[in-house]
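This structure is a prediction, so every number in the text was calculated from the model and none was measured. Each chain gets a letter, A, B and so on, in the order the sequences are listed, and its residues count up from 1.
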There are 2 protein chains.
Amino acid sequence: MKKRKLNSTNHINEKAITSGCPITSTVLAIGGRWKIIILWQLKDGSLRYNEIRKAIPNISEKMLIQQLKELMQSCWVDKKDYNEIPPRTEYSLTKLGKSFMPILENIYEWGTKNKITAIGQKTAANN
Amino acid sequence: MKKRKLNSTNHINEKAITSGCPITSTVLAIGGRWKIIILWQLKDGSLRYNEIRKAIPNISEKMLIQQLKELMQSCWVDKKDYNEIPPRTEYSLTKLGKSFMPILENIYEWGTKNKITAIGQKTAANN
DNA sequence: ACCTTTACTGCCTAAAAAGTAAGTACACAC
DNA sequence: GTGTGTACTTACTTTTTAGGCAGTAAAGGT
């Protein structure tokens, strides 16, 4: 799915970092633009592929599938395939995924309180 | 510092996401490979440029400066320049940066407990 | 005159992430 | 036999991120 140059400094650094630091490895596992949004959608229960897609209007099908696959590989999300035609699949958080939700909620609160705006402006809690 | 194509879908999506979701905006603000590591180094007090560099062996000077700049722009980190020759600068967390440390510690614990390995293996808390 | 130290800057390339557009499969309805 | 719905796949391009490496400034040492 990803083609990586295994001996690039880029890749070596990423490996070193993720194997050395539980924070970084966690954040990189749910990094990128879409994964957290997907997890957040699933926090209240399982959803069909199309339901996720409708809930996240801007995501392309390719991106959604790709991110879901990566989330499944890293065991944040499970998929149930009903083997029907037309297809029906349902995605849900694994126990691992669910266990991370309190942290996401903390970040939600923190982010809301501090009005972080990506490349953020100075706000409430500053020097 | 970043040259962005302001009307690319890529950029538009990023803006939409970060303005709409406090979690995503927070995580993207400290995203990338190095920012969290830098913040983590600073959690116990201010450090000189070279001290950070030695603490993070793999980072290049260009990357370190770039990440520090971005962290300053988004008000996670402050810089004190002593205007000496040879130069002396000290970096430290802002109040905002400090206020995020408890969350980082939560993630540290969670990551340690769940042995997340980047593109992770199934571990303790799974279905 | 030349080297060292510290904290940078700039230009270029490599690699990865994100996006675009089209196509696939199968069952059912019309 | 053409069209619809669902959940994908594939090939390709654009955009962004990461890294390589040389260069800069200014004071002080030798």
Given side-chain hydrogen bond (donor to acceptor under 3.5 Å, both in side chains), test B:Y49 with B:E61 step by step and report yes or no. CA-CA 10 Å; B:Y49 172 79; B:E61 300 203 61; 3.2 Å; yes
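In this structure, B:Y108 OH and A:I23 CD1 are separated by 7.5 Å, a value rounded to the nearest 0.5 Å. Between atom CD1 of residue B:I52 and atom CD1 of residue B:I59 there is a gap of 9.0 Å, rounded to the nearest 0.5 Å. The structure places CG of A:L104 at 8.5 Å from CD1 of B:I107, a figure rounded to the nearest 0.5 Å. Within the model, atoms CD1 of A:I12 and CG of B:N58 stand 9.0 Å from one another, a figure rounded to the nearest 0.5 Å. In this structure, A:I37 CD1 and B:T24 OG1 are separated by 4.0 Å, a value rounded to the nearest 0.5 Å. Taken from CZ in A:R33 to CD1 in A:I38, the straight-line distance is 12.5 Å, to the nearest 0.5 Å.
Considering only side-chain N and O atoms, B:S8 lies nowhere under 4.0 angstrom from the phosphate OP1 or OP2 of C:dG19. Distances shown here put a side-chain N or O of A:Y91 below 4.0 Å from the OP1 or OP2 atom of D:dC8.
Across all strands, A:Y82 comes closer than 4.0 Å to no nucleic acid atom at all (heavy-atom distances). Backbone-only contact: B:R48 has heavy atoms under 4.0 Å from sugar-phosphate atoms and none from a base.
Comparing D:dC8, C:dA16, C:dC8 by their nearest atom to the side chain of A:K5 picks out C:dA16. Here D:dC8 is the nucleotide among C:dC8, D:dC8, C:dT6 with the atom lying nearest to any side-chain atom of A:K79. Side-chain atoms of B:R4 lie closest to D:dT17 of the nucleotides C:dC8, D:dA7, D:dT17.
For the pair B:E51 and A:G31, both in contact range of DNA chain C, the more 5′-proximal nearest nucleotide belongs to B:E51.
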Are any protein N/O atoms closer than 3.5 Å to N/O atoms in nucleotides 19-22 of chain D? If there are, list each pair with its distance.
from   : atom 1 : to    : atom 2 : distance (Å)
D:dG19 : OP1    : A:N13 : ND2    : 2.5
D:dG19 : OP1    : B:R33 : NH1    : 3.0
D:dG19 : OP2    : B:W34 : NE1    : 3.0
D:dG19 : N7     : B:K62 : NZ     : 2.6
D:dG19 : O6     : B:K62 : NZ     : 2.4
D:dG20 : OP1    : A:T9  : OG1    : 2.9

Hey, what are the protein-to-nucleotides 24-30 of chain D N/O distances that come in under 3.5 Å?
none

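In this structure, B:D81 atom CG and C:dA7 atom P are separated by 9 Å, rounded to whole Å.
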Watson-Crick and G-U pairing of DNA chain D, under 3.5 Å, as dot-bracket with | and [ ]: ||||||||||||||||||||||||||||||
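B:F100 and B:W76 have perpendicular rings, their planes meeting at more than 60° on a 0 to 90° scale where under 30° would count as parallel.
In this structure, B:E14 pairs ionically with B:R4, as a charged nitrogen and a carboxylate oxygen lie closer than 4.0 Å.
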